[in-house]
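Chain naming here is simple, since letters A, B, ... match the order of the sequence lines and numbering starts at 1 in each.
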Amino acid sequence: MKKPDRHLITSALPYANGPIHIGHLAGVYVPSDIYTRYLRIKGEDVISICGSDEHGVPITLKARKEGVTPQEIVDYYHALNKKSFEDFGIEFDIYSRTSNKIHYETASEFFSTLYNRGEFIEKSSEQYYDTEAECFLADRYIIGTCPHCGHNAAYGDQCENCGTSLSPTDLIKPRSTVSGTKPVMKETKHWYLPLDKYQGWLRKWILEDHKEWKTNVYGQCKSWLDHGLQPRAVSRDLDWGVPVPVSGAEGKVLYVWFDAPIGYISATRELTDDWEKYWKDPGTRMIHFIGKDNIVFHCIIFPAMLKAEGSYILPDNVPANEFLNLENDKISTSRNWAVWLHEYLEEFPGEQDVLRYTLCASAPETKDNDFTWKEFQARNNNELVAILGNFVNRTLILTGNYFDGEVPPLSGTDEYDREVLAEIGVLKDKVASALDAFRFREALKEAMNLARLGNKYLADTEPWIVIKNDREKVKTILNIALQITANLTIILDPFLPFSVKKLRECLNINVIQWDNAGRDDLLSPGHKINKPGLLFRKIEDEEVEKQVNKLMETKKQNEEAPKEAEPVKENIAFDDFTKMDIRTATIIDATRVPKTKKLLELTLDTGIDRRTVVAGIAEYFDPSTIKGKKITVLVNLEPRKIKGIISQGMILMAEEDDGNLVFISPTDETKNGSRIR
RNA sequence: GGCGAGAUAGCUCAGAUGGUUAGAGCGCAGGAUUCAUAAUCCUGAGGUCCCGGGUUCAAUUCCCGGUCUCGCUACCA
């Protein structure tokens, strides 16, 4: 492979509606930072780009809920996250944001270029419109009754109660969250990027030219390509975002998926006037660091955009990671189930490297992985303290004790000495080839093996015994141990920048470039080292217990008050109630509806007749166990065809907080068809 | 339901274009050692390589079918 002239590293733009947590770090920012630092210490031309993604509906919703403007929301999280990254040692060359003027300009220009060239399709469709607020309603702005679970505040894209994904037209009794009124369907025009047009070259570019991409990435792309790509809307009716730069497009903005990746470009423009060199010169190698939820955008959609524009380079690789769980549970911002970066930085001051190390050592590279505080403690105490910190400490202390802190000369090596010295170079190459292939866990393990090698070397040569009758030999031994230590400052630099900085101070040396790793003369004889300080401290049981308790407390709170009390629906007239004909009934037969996950076809004896009802309860009940069950049923619901079966009525179910469903059954013996009122 | 990824030692993961005893780190057990934050070093125990078929002289590896986990997607009360 030809060596690139320069590197452009991008890290997924974090969405500015919440703080950064360990899942973000392990999946995206720790690997991207390690990779960037690796290239830097190799002396490569590299820039690392990131910033806040500040548009999109969720931010407008959060703003509305908190009674502030979207700008205030993004200002808050942008500042918080920017500072957290800085404090954590994630060294972006720029951490920009998509509400910047330069981003508006860049995104508008990008759109206009494609627009003028006729790359978009214009299409009109009917969408919900709020006549009072005079605006179109994004899916999330519409709430109504969930057709699945009856939850009366389901969003137009998803019901948060039962997790079902919806479209706004599915909602029963939709209402606008803007004005509270009932929205009407109205025609609106949008622009679409015809992804299908790029299907051919995407297929070749990914499936043939990039077989080296990670299997999860490659497989996901193949799946999309095999399904066939569809045109995708690039605009939305919303007032928060980059306005569509076309006359007659008032009240329309660029869809956030279109504007966000352009954020990489605008951030680069903000960073340097030379930005085109990084984005348009084929000598640049672009790498996107992302999580698995972003694969399709970075491997298919953004490249299609860049290709359509024509003057940009395409990514060379997209090393997407899987997800990180926390103490056996999915990380969730809304459930507060996370280790937040800004909190970690406060609670473990000066210990950035411990988290960097843990997250890298068990990064979700090939499959989802679990973070536990116990493992965090073990990694710190058994590896950072016991292997790395300890080796460095004993070397420096021995040098202090025997040679008054001066590097002794290498005075004659035996075969074992030479083997050990040679091994340094071997390990360096292993670290490099692992990093080149984005295998960060393996790279870190090999880097730590250098410290292991040091410990073994000291144990085998026993300078504390040799000193008694062969001082010359001890000079050689400690020289070698010190050379290993100096090599550690190079090889560990990308992973543990804070500790390596401390170590350099102890050794009284400056940054040494990567290519020098493997050498046995990094420290010259007579060089004075400083008094050693400990690189890492042990983390006590109480500290991790405290963290676990904090999580347990969160869990408890979630269980006790898992939901906001559901608002009581608006009052209805007694007549409305009497319109409903609810009866007791018995389930006579139940079978699964083929090719569905949730549906059961029930045959009921309602006392009036026998009828068929389709119910979405298959996930909770085995058909064979509910036959003969006494239940209640709404019998005069308008019949509806579901999966080709006419459903005549609706079973009444109580839904518990965890989504579990319970039949509403009479507690005493009741004749089928008894009316409920 | 469709698609993608995964399933290997108590835990986290490597690995083999099929071929003697399947590896590493941590944890565990025993030993050595004391320069070092009781830290290190050595040795050892631990695996029906998810299950069932098939191909083969030989399968944990290839093929077919299934189970479970995660994700995307569809259908949907």
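For the residue pair A:N216/A:E322, the side-chain donor-acceptor check at 3.5 Å is satisfied. In this model, a donor atom of one side chain and an acceptor atom of the other lie less than 3.5 Å apart for A:D417 and A:Y457. A donor atom on one side chain and an acceptor atom on the other are not found under 3.5 Å apart for A:K214 and A:N317. When only modelled atom types and interatomic distance are considered, A:E446 and A:N449 share a side-chain donor-acceptor pair under 3.5 Å.
Rounded to an integer number of Å, the gap from A:Q377 CD to B:A39 P is 11 Å. Atoms CG (A:L450) and P (B:A24) sit 20 Å apart, rounded to a whole Å. If you take CE of A:M448 and P of B:U40, they are 11 Å apart, rounded to a whole angstrom. Atoms CG (A:N380) and C1' (B:C26) sit 14 Å apart, rounded to a whole Å. Rounding to whole angstrom units, CG of residue A:N393 and P of B:A36 are separated by 8 Å. Here B:A24 presents its P atom at 16 Å from CG of A:L427, a figure rounded to the nearest Å. B:U69 atom P lies 13 Å from atom CG of A:D368, rounded to whole Å.
Salt-bridge check for A:E472 with A:K475: passed, with a basic side-chain N closer than 4.0 Å to an acidic carboxylate O. A:R611 and A:D605 are not joined by a salt bridge, as no carboxylate oxygen comes within less than 4.0 angstrom of a charged side-chain nitrogen. Look at A:K330 and A:D370 and you find no salt bridge, because none of the NZ, NE, NH1 or NH2 atoms lies under 4.0 Å from a carboxylate O.
In terms of phosphate contacts, A:K222 brings no side-chain nitrogen or oxygen within less than 4.0 Å of OP1 or OP2 of B:C3. Between B:A24 and A:K445, no contact under 4.0 Å exists linking OP1 or OP2 to a side-chain N or O. Put simply, A:R452 has a side-chain N or O that comes within less than 4.0 Å of OP1 or OP2 on B:C26. Neither OP1 nor OP2 of B:A39 sits under 4.0 Å from any side-chain N or O of A:N381.
Nucleic acid contact class of A:A378 (heavy atoms, under 4.0 Å, all strands): none. Residue A:F391 is out of contact with every strand shown, counting any heavy-atom pair closer than 4.0 Å. A:L534 comes within 4.0 angstrom of a nucleotide base, judged by non-hydrogen atoms across all strands. As judged by a 4.0 angstrom heavy-atom cut-off over every strand, A:L634 is placed among residues making no nucleic acid contact.
For B:G46, the base is syn relative to its sugar; the glycosidic angle is within 90° of 0.
If you check B:U37, B:G71, B:A5 against the side chain of A:K292, the one that comes closest is B:G71. Side chain of A:E383, nearest nucleotide from B:A5, B:A36, B:C26: B:C26. Comparing B:A39, B:A36, B:C41 by their nearest atom to the side chain of A:N455 picks out B:C41. Among the nucleotides B:C41, B:C35, B:A39, the one closest to any side-chain atom of A:K538 is B:A39. Here the side chain of A:Q220 is nearest to one of B:C72, B:C35, B:C42, namely B:C72. Side-chain proximity of A:N382 to B:C70, B:A36, B:G27: nearest is B:G27. When distances run from any side-chain atom of A:L398 to the nucleotides B:U37, B:C35, B:C42, the shortest one goes to B:C35. Nearest to the side-chain atoms of A:Y402 among the listed nucleotides B:C41, B:C70, B:C35 stands B:C35. Comparing B:U37, B:A14, B:U34 by their nearest atom to the side chain of A:R441 picks out B:A14. The side chain of A:N369 has B:U12 as its nearest neighbour among B:C41, B:U12, B:U37.
Comparing A:R439 and A:W464 against RNA chain B, the residue whose closest nucleotide sits nearer the 5' end is A:R439. Taking the nucleotide of RNA chain B with the nearest heavy atom to each of A:V385 and A:E442, the more 5' of the two is matched to A:E442.
To the nearest whole angstrom, the two P atoms, one in B:U55 and one in B:A14, are 32 Å apart. Between B:U12 and B:A22, the two P atoms lie 23 Å apart (nearest whole Å). Annotation: B:C35 and B:C26 have their C1' atoms spaced 25 Å apart (nearest Å). Straight-line distance between the P atoms of B:G52 and B:U48: roughly 13 Å, to the nearest whole Å. Distance noted for atom C1' between B:A45 and B:C50: 24 Å (whole Å). Comparing B:G27 with B:A39, their P atoms sit 9 Å apart, to the nearest whole Å. Distance noted for atom C1' between B:G47 and B:G15: 14 Å (whole Å). Between the P atoms of B:U8 and B:G1, the separation comes to 24 Å (whole Å).
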Subject >> Dot-bracket encoding of pairs in RNA chain B, which uses [ ] for pseudoknotted crossings and | for another strand, Watson-Crick or G-U under 3.5 angstrom >> reply: (((((((..((((.....[...)))).(((((.......))))).....(((((..]....))))))))))))....
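Relative to the ring axis of A:F323, A:K292 places its NZ or CZ within 45° and under 6.0 Å from the centre.
Looking at residues two or more places apart in sequence or on another chain, you find a side-chain contact (heavy atoms from CB on, under 4.5 Å) between A:R537 and A:F348, A:E351, A:I539, A:E543. Shown here are the side-chain hydrogen bond (donor to acceptor under 3.5 Å, both in side chains) partners of A:R394, two or more places apart in sequence or in another chain: A:N455.
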